[in-house]
Amino acid sequence: MAVRKNQANLTAQEKRDFVNAILTLKQQGGYDPFVTTHNQFIMSDTDTTERTGHRSPSFLPWHRKFLIEFEKALQAITPTVTLPYWDWTTDRTPDASLWGPDLLGGDGTGTDGQVATGPFAYGAGNWTLTVRPDSRPYLVRTLAADTPDLPTKADVDTALAVTPYDAAPWNSSSAGFRNNLEGWTGVNIHNRVHVWVGGAMGTGMSPNDPVFWLHHCMIDRLWAGWQSRHPDQGYLPATATQNLVSLNDTMKPWNTTAPAALLDHTPFYTYDVAY
Ligand SMILES: [Cu+2]
């Protein structure tokens with residue numbers, strides 16, 4: 001069974017394998033379609049029309065499936081690779097090992113925030129942005145510039161105490177766990193981390209920054225943590241609802257998998273430490 005580990009506990013070899021699988025996928029042309037898909041959903045998901053990837057109940061199962069597909073693509077290159085997660089409740093500063101030259105590289109520099117260190121620096125020659133919002137071909141980060149603090153453990157615990165899973169109107173104004181975790185309401189967990197990293201992570205093309213996967217892996221782990229705290233609470237809505245993915249509706253773009261088939265992550269992978 002594949003085990004997803006805290007990035008802080010990866011061995012040097014695991015870091016190399018993860019980075020090299022990403023760079024190989026990029027070189028083979030298999031990476032950028034993930035950026036395109038994510039951006040298409042960001043652009044089309046709205047509070048009052050069809051919404052699937054974001055600002056809706058299927059935010060969590062959609063990203064779970066998206067990460068599973070990305071992890072499979074990496075494993076087709078290196079079978080032992082799994083997605084690590086970034087626990088930003090503990091690794092909270094720009095000098096965390098996550099941002100080291102052997103993993104993701106560091107903060108952006110200069111007036112533009114261009115990432116200049118690590119394997120995803122433009123100058124290293126292996127990371128040219130092709131699905132991009134403007135003409136700049138390089139990765140940008142502005143760590144902590146747009147919001148000073150990452151979510152704390154207390155913030156996470158506040159969000160994980162919320163029930164039910166989601167609530168009408170099933171969008172960015174909803175009460176419920178999903179929207180508290182996504183961050184449109186309450187203490188703001190997921191959205192805030194995108195803003196804290198800045199640059200590409202602050203856009204619909206956020207998967208251009210490989211930290212996207214480690215952040216969403218942490219969000220996915222928190223969903224599992226919520227499930228274990230509230231075993232009597234299920235995915236909602238359970239019955240067909242206009243513009244939404246209900247429990248048994250298949251999700252675009254795959255059209256093969258419903259949230260019901262993704263609620264239990266353990267057939268696919270486990271986490272080294274449950275939240
Ligand atoms: Cu996200």
Side-chain angles (χ1 to χ4, degrees), residues 4 7 22 31-47 51-71 73 83-89 91-92 98 104 120 129 131-133 139-144 146-147 149-151 155-156 159-160 165-166 170-172 174 176-226 245 251-254 259 262 265 271 275:
R4 292 182 175 178
Q7 61 77 29
I22 289 176
Y31 191 94
D32 293 340
F34 285 94
V35 184
T36 300
T37 295
H38 187 268
N39 190 54
Q40 283 171 342
F41 278 81
I42 283 275
M43 299 302 284
S44 65
D45 295 323
T46 83
D47 273 343
R51 48 199 182 277
T52 300
H54 307 86
R55 55 178 73 232
S56 65
S58 47
F59 167 70
L60 290 169
W62 190 90
H63 282 83
R64 176 165 285 177
K65 176 73 171 166
F66 192 56
L67 265 61
I68 288 170
E69 293 301 314
F70 181 71
E71 191 172 49
L83 295 183
Y85 60 89
W86 168 29
D87 186 345
W88 21 253
T89 70
D91 297 306
R92 309 178 51 76
L98 172 71
L104 298 185
F120 306 103
L129 305 195
V131 181
R132 62 195 191 204
L139 184 61
V140 167
R141 288 181 188 137
T142 56
L143 304 186
D146 296 332
T147 188
D149 294 312
L150 290 161
D155 293 335
V156 169
L160 262 55
Y165 174 80
D166 208 339
W170 318 108
N171 62 19
S172 73
S174 290
F177 165 67
R178 184 275 311 166
N179 198 33
N180 274 264
L181 184 64
E182 189 171 356
W184 304 109
T185 194
V187 292
N188 187 356
I189 306 292
H190 154 268
N191 287 345
R192 194 196 327 179
V193 177
H194 279 274
V195 173
W196 187 90
V197 176
M201 272 287 275
T203 76
M205 298 171 188
S206 47
N208 270 319
D209 191 330
V211 79
F212 172 91
W213 308 104
L214 288 81
H215 171 39
H216 268 279
C217 198
M218 177 67 176
I219 295 296
D220 185 82
R221 176 173 172 255
L222 296 180
W223 182 22
W226 180 86
V245 179
M251 289 185 293
K252 295 177 182 176
W254 309 285
L262 293 163
H265 68 284
Y271 285 106
Y275 190 91

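Order of appearance sets the numbers: ligands from 1, and atoms from 1 within every ligand.
Sorting the N, O or S atoms of His194 by how far they are from the Cu ion (ligand 1) puts NE2 first.
The Cu ion (ligand 1) does not have His63 among its coordinating residues (no N/O/S atom, backbone or side chain, under 2.8 Å).
Among His194, His216, His38, the single residue meeting the ring-ring contact (aromatic ring centres under 6.0 Å, His included) criterion with His54 is His38.
Taking the Cu ion (ligand 1) as the apex, the angle formed with NE2 of His190 and NE2 of His216 is 100°, to the nearest 10 degrees.
Taking 4.0 Å as the cut-off between side-chain N and carboxylate O, Arg55 and Asp47 count as a salt-bridged pair.
Close placement of the Phe59 and His190 rings is indicated, their centers lying within 6.0 Å of each other.
Arg4 and Tyr271 form a side-chain donor-acceptor contact under 3.5 Å, judged by distance and modelled atom types alone.
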